[in-house]
Amino acid sequence: DTAVSQTPKYLVTQMGNDKSIKCEQNLGHDTMYWYKQDSKKFLKIMFSYNNKELIINETVPNRFSPKSPDKAHLNLHINSLELGDSAVYFCASSQTLGLAARETQYFGPGTRLLVL
Amino acid sequence: KQEVTQIPAALSVPEGENLVLNCSFTDSAIYNLQWFRQDPGKGLTSLLLIQSSQREQTSGRLNASLDKSSGRSTLYIAASQPGDSATYLCAVKSLDTGRRALTFGSGTRLQVQP
(Lines give C-alpha, C1' and ligand atoms only; values in the text may rest on other atoms or scores of the structure.)
Protein backbone atom coordinates (compact mmCIF):
# COMPACT_ATOMS: atom_id res chain seq x y z
CA ASP A 1 0.00 0.00 0.00
CA THR A 2 2.85 2.35 -0.88
CA ALA A 3 1.58 5.86 -1.59
CA VAL A 4 4.18 7.00 -4.14
CA SER A 5 6.38 4.36 -5.72
CA GLN A 6 9.28 4.60 -8.13
CA THR A 7 11.10 2.04 -10.24
CA PRO A 8 13.89 1.25 -10.43
CA LYS A 9 15.41 2.13 -7.08
CA TYR A 10 18.94 2.04 -8.51
CA LEU A 11 20.05 2.60 -12.08
CA VAL A 12 23.62 2.30 -13.30
CA THR A 13 24.22 2.95 -16.97
CA GLN A 14 26.74 4.12 -19.53
CA MET A 15 27.00 7.60 -20.98
CA GLY A 16 24.93 8.03 -24.10
CA ASN A 17 22.26 5.49 -23.17
CA ASP A 18 18.53 6.23 -22.94
CA LYS A 19 16.72 5.27 -19.74
CA SER A 20 13.32 5.68 -18.10
CA ILE A 21 12.21 6.01 -14.50
CA LYS A 22 8.63 5.21 -13.60
CA CYS A 23 6.47 6.76 -10.90
CA GLU A 24 3.03 5.79 -9.68
CA GLN A 25 0.84 7.20 -6.92
CA ASN A 26 -2.24 5.50 -5.48
CA LEU A 27 -3.44 8.51 -3.50
CA GLY A 28 -5.86 9.76 -6.10
CA HIS A 29 -3.89 13.00 -6.41
CA ASP A 30 -4.22 15.28 -9.41
CA THR A 31 -0.67 16.67 -9.47
CA MET A 32 2.69 14.93 -9.77
CA TYR A 33 6.25 16.25 -9.73
CA TRP A 34 9.81 15.25 -10.55
CA TYR A 35 12.65 16.63 -8.43
CA LYS A 36 16.40 16.14 -8.82
CA GLN A 37 18.69 15.94 -5.78
CA ASP A 38 22.28 16.64 -6.70
CA SER A 39 25.50 15.72 -4.91
CA LYS A 40 25.16 18.77 -2.65
CA LYS A 41 21.76 17.46 -1.53
CA PHE A 42 19.74 20.30 -3.05
CA LEU A 43 16.34 19.15 -4.25
CA LYS A 44 15.19 21.09 -7.30
CA ILE A 45 11.94 20.90 -9.21
CA MET A 46 12.17 19.65 -12.77
CA PHE A 47 8.58 19.11 -13.93
CA SER A 48 5.05 19.13 -12.68
CA TYR A 49 1.90 17.69 -14.25
CA ASN A 50 -1.70 18.30 -13.28
CA ASN A 51 -4.24 15.85 -14.69
CA LYS A 52 -1.76 14.80 -17.38
CA GLU A 53 -1.07 18.41 -18.36
CA LEU A 54 2.41 19.93 -18.01
CA ILE A 55 2.30 22.97 -15.69
CA ILE A 56 5.92 23.41 -14.64
CA ASN A 57 8.93 22.90 -16.83
CA GLU A 58 12.06 24.31 -15.24
CA THR A 59 15.26 24.91 -17.12
CA VAL A 60 15.89 21.27 -17.85
CA PRO A 61 17.71 19.96 -20.95
CA ASN A 62 15.30 18.68 -23.55
CA ARG A 63 16.98 15.28 -23.21
CA PHE A 64 14.59 14.92 -20.27
CA SER A 65 11.03 14.20 -21.31
CA PRO A 66 8.27 13.51 -18.81
CA LYS A 67 5.28 11.47 -19.88
CA SER A 68 1.98 11.14 -18.04
CA PRO A 69 -0.22 8.36 -19.49
CA ASP A 70 -2.81 9.02 -16.75
CA LYS A 71 -2.94 11.15 -13.63
CA ALA A 72 -1.64 8.31 -11.45
CA HIS A 73 1.59 7.96 -13.43
CA LEU A 74 4.40 10.32 -14.32
CA ASN A 75 7.40 8.73 -16.01
CA LEU A 76 10.71 10.38 -16.76
CA HIS A 77 12.60 9.46 -19.91
CA ILE A 78 16.19 10.60 -20.33
CA ASN A 79 17.98 10.49 -23.69
CA SER A 80 21.72 10.49 -24.29
CA LEU A 81 22.65 10.29 -20.62
CA GLU A 82 25.58 12.41 -19.43
CA LEU A 83 27.84 12.14 -16.39
CA GLY A 84 26.18 15.21 -14.88
CA ASP A 85 22.82 13.46 -14.86
CA SER A 86 24.01 11.29 -11.96
CA ALA A 87 21.75 12.19 -9.04
CA VAL A 88 18.80 10.99 -7.04
CA TYR A 89 15.46 11.62 -8.75
CA PHE A 90 12.37 11.95 -6.58
CA CYS A 91 8.78 11.74 -7.68
CA ALA A 92 6.09 13.44 -5.59
CA SER A 93 2.37 14.07 -5.70
CA SER A 94 -0.15 16.47 -4.18
CA GLN A 95 -3.94 16.54 -4.03
CA THR A 96 -4.33 19.54 -6.29
CA LEU A 97 -2.16 22.14 -7.97
CA GLY A 98 -0.71 22.79 -4.58
CA LEU A 99 -2.00 26.31 -4.15
CA ALA A 100 -3.77 25.53 -0.88
CA ALA A 101 -1.70 26.80 2.02
CA ARG A 102 -2.11 23.60 4.03
CA GLU A 103 -1.44 21.14 1.22
CA THR A 104 1.62 18.96 1.42
CA GLN A 105 3.46 16.84 -1.11
CA TYR A 106 4.12 13.14 -0.75
CA PHE A 107 7.44 11.82 -1.97
CA GLY A 108 8.57 8.53 -3.42
CA PRO A 109 11.71 6.73 -2.18
CA GLY A 110 13.90 8.08 -4.97
CA THR A 111 15.81 6.56 -7.88
CA ARG A 112 19.59 6.68 -7.62
CA LEU A 113 21.01 7.16 -11.10
CA LEU A 114 24.71 6.69 -11.75
CA VAL A 115 26.05 7.43 -15.21
CA LEU A 116 29.48 5.95 -15.94
CA LYS B 1 13.90 34.04 -7.05
CA GLN B 2 13.33 32.21 -3.78
CA GLU B 3 16.41 30.86 -2.00
CA VAL B 4 16.37 28.71 1.11
CA THR B 5 19.33 28.32 3.44
CA GLN B 6 19.72 25.93 6.34
CA ILE B 7 22.17 26.24 9.20
CA PRO B 8 24.01 24.28 10.43
CA ALA B 9 24.81 21.85 7.64
CA ALA B 10 25.56 19.13 10.18
CA LEU B 11 24.96 18.71 13.88
CA SER B 12 25.95 16.02 16.36
CA VAL B 13 24.42 15.94 19.84
CA PRO B 14 24.24 13.45 22.73
CA GLU B 15 20.95 11.72 23.34
CA GLY B 16 18.50 13.69 25.46
CA GLU B 17 19.57 17.15 24.35
CA ASN B 18 17.16 19.72 23.01
CA LEU B 19 18.20 21.21 19.70
CA VAL B 20 17.23 23.85 17.14
CA LEU B 21 17.60 23.71 13.37
CA ASN B 22 17.44 26.94 11.42
CA CYS B 23 16.00 27.80 8.03
CA SER B 24 15.93 31.15 6.25
CA PHE B 25 14.30 32.19 2.99
CA THR B 26 14.73 35.28 0.84
CA ASP B 27 11.17 35.96 -0.38
CA SER B 28 8.56 36.29 2.35
CA ALA B 29 5.65 35.91 -0.11
CA ILE B 30 4.95 32.27 0.69
CA TYR B 31 1.96 29.93 0.96
CA ASN B 32 3.58 27.72 3.53
CA LEU B 33 6.80 26.29 4.90
CA GLN B 34 7.40 22.62 5.50
CA TRP B 35 9.95 20.59 7.40
CA PHE B 36 10.80 17.18 6.00
CA ARG B 37 12.90 14.32 7.26
CA GLN B 38 15.08 12.32 4.86
CA ASP B 39 16.59 9.00 5.94
CA PRO B 40 19.51 7.53 3.98
CA GLY B 41 18.31 5.71 0.89
CA LYS B 42 14.72 6.70 1.49
CA GLY B 43 12.30 9.38 0.42
CA LEU B 44 11.12 12.44 2.27
CA THR B 45 8.62 12.38 5.10
CA SER B 46 6.69 15.53 5.91
CA LEU B 47 7.05 16.43 9.59
CA LEU B 48 5.32 19.77 9.97
CA LEU B 49 3.63 22.26 7.69
CA ILE B 50 3.13 25.88 8.75
CA GLN B 51 0.73 27.97 6.72
CA SER B 52 1.76 31.56 6.03
CA SER B 53 -0.90 32.81 8.46
CA GLN B 54 0.41 30.65 11.30
CA ARG B 55 3.29 31.20 13.72
CA GLU B 56 4.01 27.65 14.79
CA GLN B 57 3.04 24.00 14.60
CA THR B 58 3.69 21.18 17.04
CA SER B 59 3.81 17.43 16.67
CA GLY B 60 5.01 15.38 19.60
CA ARG B 61 8.58 16.41 20.43
CA LEU B 62 8.77 18.65 17.37
CA ASN B 63 7.89 22.32 17.25
CA ALA B 64 8.32 24.47 14.18
CA SER B 65 8.02 28.25 14.19
CA LEU B 66 7.64 30.70 11.34
CA ASP B 67 8.53 34.39 11.22
CA LYS B 68 7.48 35.31 7.71
CA SER B 69 8.49 38.95 7.90
CA SER B 70 12.08 38.08 8.74
CA GLY B 71 12.17 35.04 6.47
CA ARG B 72 13.03 32.56 9.19
CA SER B 73 11.84 29.27 10.59
CA THR B 74 13.17 27.03 13.31
CA LEU B 75 12.60 23.38 14.05
CA TYR B 76 12.92 22.55 17.73
CA ILE B 77 13.46 18.93 18.72
CA ALA B 78 13.01 18.15 22.40
CA ALA B 79 14.74 15.30 24.22
CA SER B 80 16.52 14.04 21.11
CA GLN B 81 16.80 10.29 20.48
CA PRO B 82 19.13 8.23 18.27
CA GLY B 83 16.12 7.53 16.04
CA ASP B 84 15.98 11.25 15.24
CA SER B 85 19.23 10.89 13.29
CA ALA B 86 18.46 11.92 9.71
CA THR B 87 18.71 14.87 7.35
CA TYR B 88 16.13 17.57 7.98
CA LEU B 89 15.01 19.64 5.01
CA CYS B 90 13.17 22.92 5.01
CA ALA B 91 11.03 23.83 1.99
CA VAL B 92 8.85 26.79 1.08
CA LYS B 93 6.03 27.18 -1.40
CA SER B 94 6.14 30.65 -2.87
CA LEU B 95 3.20 32.80 -3.91
CA ASP B 96 4.75 33.24 -7.33
CA THR B 97 2.02 31.67 -9.47
CA GLY B 98 4.57 30.17 -11.77
CA ARG B 99 6.10 28.14 -8.99
CA ARG B 100 3.69 25.62 -7.56
CA ALA B 101 6.54 23.39 -6.48
CA LEU B 102 8.65 23.57 -3.36
CA THR B 103 12.00 25.32 -2.99
CA PHE B 104 14.26 23.32 -0.70
CA GLY B 105 17.24 24.12 1.47
CA SER B 106 20.24 21.81 1.38
CA GLY B 107 19.36 20.28 4.73
CA THR B 108 20.86 19.78 8.19
CA ARG B 109 22.34 16.35 8.82
CA LEU B 110 21.60 15.43 12.43
CA GLN B 111 23.39 12.71 14.36
CA VAL B 112 22.14 11.87 17.86
CA GLN B 113 24.71 9.89 19.81
CA PRO B 114 23.40 7.22 22.21
Side-chain angles (χ1 to χ4, degrees), chain A residues 2-10 23 25 27 29-51 53-60 66 74 88-112, chain B residues 1-10 23 25 28-55 57 59 64 66 68 86-110:
Chain A
T2 304
V4 182
S5 59
Q6 295 178 227
T7 55
K9 191 171 182 179
Y10 299 96
C23 178
Q25 54 94 3
L27 297 167
H29 288 171
D30 289 339
T31 307
M32 296 184 72
Y33 312 79
W34 276 109
Y35 289 85
K36 178 181 179 180
Q37 187 174 39
D38 60 24
S39 58
K40 295 182 179 179
K41 301 302 182 185
F42 272 105
L43 266 153
K44 292 183 181 176
I45 184 67
M46 299 174 68
F47 301 102
S48 175
Y49 270 71
N50 182 64
N51 275 324
E53 179 183 351
L54 179 67
I55 57 171
I56 295 177
N57 183 350
E58 291 295 293
T59 308
V60 177
L74 181 61
V88 183
Y89 293 84
F90 286 97
C91 177
S93 71
S94 62
Q95 180 66 53
T96 65
L97 282 171
L99 296 179
R102 60 180 177 274
E103 188 175 80
T104 189
Q105 292 181 17
Y106 295 83
F107 283 78
T111 295
R112 283 140 193 85
Chain B
K1 179 184 175 183
Q2 180 73 268
E3 292 183 4
V4 180
T5 304
Q6 290 187 244
I7 295 173
C23 172
F25 47 96
S28 61
I30 63 172
Y31 276 105
N32 61 43
L33 181 143
Q34 288 184 250
W35 283 93
F36 289 87
R37 170 182 173 142
Q38 183 176 19
D39 292 283
K42 296 188 178 179
L44 280 68
T45 302
S46 181
L47 298 173
L48 290 165
L49 182 151
I50 311 176
Q51 298 177 46
S52 61
S53 59
Q54 298 175 326
R55 300 281 293 187
Q57 282 288 326
S59 175
L66 174 63
K68 198 173 63 168
T87 296
Y88 291 80
L89 295 165
C90 168
V92 299
K93 183 180 293 179
S94 302
L95 281 173
D96 179 354
T97 55
R99 292 203 53 80
R100 297 183 176 91
L102 298 170
T103 302
F104 282 85
S106 58
T108 293
R109 191 171 64 255
L110 173 65

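Per chain, numbering begins at 1; letters A, B, ... match sequence-line order. Not measured: the values here are computed from a predicted model.
In this structure, the portion of A/Lys9 lying under 4.5 Å from any heavy atom of chain B is its side chain and not its backbone. For a residue to count as touching a neighbouring chain, one of its non-hydrogen atoms must lie under 4.5 Å from one of that chain's; by this rule A/Gln37 touches chain B with the side chain only. With a 4.5 Å cut-off on non-hydrogen atoms, B/Leu89 touches chain A through its side chain but not through its backbone. With a 4.5 angstrom heavy-atom cutoff, B/Gln54 does not touch chain A via any of its atoms.
The number of heavy atoms from other shown groups lying within 6.0 Å of CZ (B/Arg109) does not exceed 12. Within a 6.0 Å sphere centred on OH of A/Tyr106, heavy atoms belonging to other residues, nucleotides or ligands number 12 at most. Residue-environment remark: CD1 (B/Ile7) stays at or below the threshold of 12 foreign heavy atoms within 6.0 Å.
Every residue meeting the side chain to side chain donor-acceptor pair (under 3.5 Å) condition with B/Asp39, not counting sequence neighbours, appears here in chain and number order: B/Arg37. Every ring-ring contact (aromatic ring centres under 6.0 Å, His included) that B/Phe36 has, sequence neighbours left out, goes to A/Phe107, B/Phe104.
A/Gln105 pairs in a side chain to side chain contact (heavy atoms under 4.5 Å, CB included) with only one of the listed residues (B/Leu44, B/Leu49, B/Leu102), which is B/Leu102.
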